[in-house]
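Here's the structure, in structure tokens; my notes come after.
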Amino acid sequence: MESNQLLSVAEEFGCPLYVYDAAKIQSQYNRLTNAFSKVEKLRINYACKALSNLSVLKLLKKMGSGLDTVSIQEVQLGLHAGFSPDMIIYTPNGVSLDEIEEAATLGVQINIDNLSILEQFGAKHPNIPVCIRINPHVMAGGNSNISVGHIDSKFGISIHQLPHILRIVENTKMHINGIHMHTGSDILDIEVFLYAAEILFDTAKHFKDLDFLDFGSGFKVPYKKGDIETNVEEMGKKLTKRFLAFEKEYGRELTLAFEPGKFLVSESGYFLAKVNVVKQTTSTVFAGVDSGFNHLIRPMLYGSEHHIENISHPKGKERFYSVVGYICETDTFATNRRITEIKEGDILSFRNAGAYCFTMASNYNSRFKPAEVLWHEGKAHLIRQRETFDDILRNQVEVEL
Ligand SMILES: *Cc1c(COP(=O)(O)O)cnc(C)c1O
């Protein structure tokens with residue numbers, strides 16, 4: 001989106017504000033499906049924990065996407081958005097058998113990632129098809145907070161426990177219809193990913209009744225100019241070739257599934273915040289905005305570097321700023337960032353604010369969560385109202401003491 005479009009949206013709906021560009025979500029979806037156009041049955045399950053606004057879910061549903069969910073509430077949200085149960089996969093970690101049974105009752109694809117639940121579920125519901133999440137033990141990323149395939153990760157069933165998996169399947173006569181891996185965010189190296197894929201193929205050979213292979217996600221998106229991003233096209237070429245060969249070997253057509261979150265929505269998002277104070281200190285110039293890590297926690301949580309632009313004065317002289325929030329503890333969005341000269345009242349736009357931004361927002365400091373807007377075919381649609389004081393009071397029980 002252009003700065004002047006963002007500015008007009010900010011004027012209409014106020015700050016702080018999340019704005020999502022529908023066209024970017026659509027082009028990312030198309031990019032991925034085009035990269036795998038030679039695969040007969042391709043399934044993209046959008047990992048909705050990245051951005052779970054109903055209008056975004058509906059937009060992706062319209063494109064043919066399925067949904068990857070990690071909680072029973074996300075399953076319910078997906079059903080509410082109109083996804084049919086067979087278009088939803090439920091991939092939780094560390095949840096109770098009860099919750100998995102509840103999801104099964106709703107008819108969605110179950111994906112199990114530990115032996116204990118696999119055994120219990122298989123014994124009780126041998127006829128409900130189940131996908132197994134394996135951990136291939138590869139590190140496909142740079143940041144250990146978000147690489148989930150490695151040896152000490154809590155995700156998936158270790159590939160070394162395959163004999164145990166097979167024993168459970170044989171004893172319970174349960175039906176395994178899919179094999180899944182998700183090696184975590186940030187696939188920097190396609191070769192590492194393909195190596196993990198080989199482990200998935202090897203595992204798949206042990207199961208006779210598979211309908212799909214799910215390769216998870218971890219596509220890396222650029223945060224700033226010059227950042228490396230996953231070469232989806234190259235990956236499409238290489239994995240397609242291997243996948244088609246595997247299908248032949250397996251003797252049956254399979255669905256190839258992915259579950260991207262970040263890749264589909266990260267770059268579509270802009271977080272707009274207004275500068276309340278410009279504060280010159282002896283060491284730096286702070287630009288304090290009308291928001292904080294209660295609305296955008298990624299810089300504080302992961303050290304994410306969201307590119308920041310001054311959309312009120314995009315042509316000014318560049319200076320160095322530390323952009324900080326109003327939360328009463330360390331609350332830094334960026335330090336020593338080159339931004340065009342900031343005046344109080346200016347609006348700053350944070351890029352890559354589509355994934356894991358609003359969904360991680362909280363009411364810390366008793367602040368309202370921001371509103372959300374979807375920019376679709378040249379029009380701004382409010383898709384979530386700004387909260388009000390009633391939202392802060394909701395669910396609180398006042399007792400006489
Ligand atoms: C979070 C998650 C994803 C999405 O990861 P991205 O890096 O956002 O693409 C996919 N699959 C599972 C199981 C997840 O938990």
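Computed from heavy atoms alone, side chains included, the values below leave out hydrogens, waters and symmetry copies. When a ligand or atom number is given, it counts from 1 through the structure's own listing order.
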Could you tell me whether some N/O pair between [X] and ligand 1 is separated by less than 3.5 angstrom?
| X | value |
| --- | --- |
| Lys49 | yes |
| His180 | no |
| Ser217 | yes |
| Pro260 | no |

| query | Is Arg386 reaching over with its side chain to a backbone N or O of Gly14, donor-acceptor style, under 3.5 angstrom? | reply | yes

| message | Between Gln109 and Asn177, is there a side-chain donor-acceptor contact under 3.5 Å, judged purely by atom types and distance? | response | yes

| Flag for Asp68-Thr91: side-chain donor and acceptor within less than 3.5 Å | yes

Indicate, as side chain, backbone, both or neither, the part of [X] found under 4.0 angstrom from ligand 1 when only non-hydrogen atoms are considered.
| X | value |
| --- | --- |
| Ala47 | side chain |
| Lys262 | both |
| Asp68 | side chain |

| said: Arg252 vs Asp211, test: salt bridge (charged side-chain N to carboxylate O under 4.0 Å, His left out). Steps then yes/no. | reply: CA-CA 9 Å; Arg252 140 173 192 190; Asp211 298 319; 2.8 Å; yes

| query | Among the heavy atoms of Phe155, does any lie under 4.0 Å from an atom of ligand 1? | reply | no

| message | For Lys317, is there an ion pair with Glu341 - N to carboxylate O distance below 4.0 angstrom? | response | no

| cation_pi(Arg298, Tyr356) dist<6.0 Å, angle<=45 | no

| query | Should one rank Arg133, Lys220, Glu259 by closest heavy-atom distance to atom 10 (C) of ligand 1, which comes out on top? | reply | Glu259

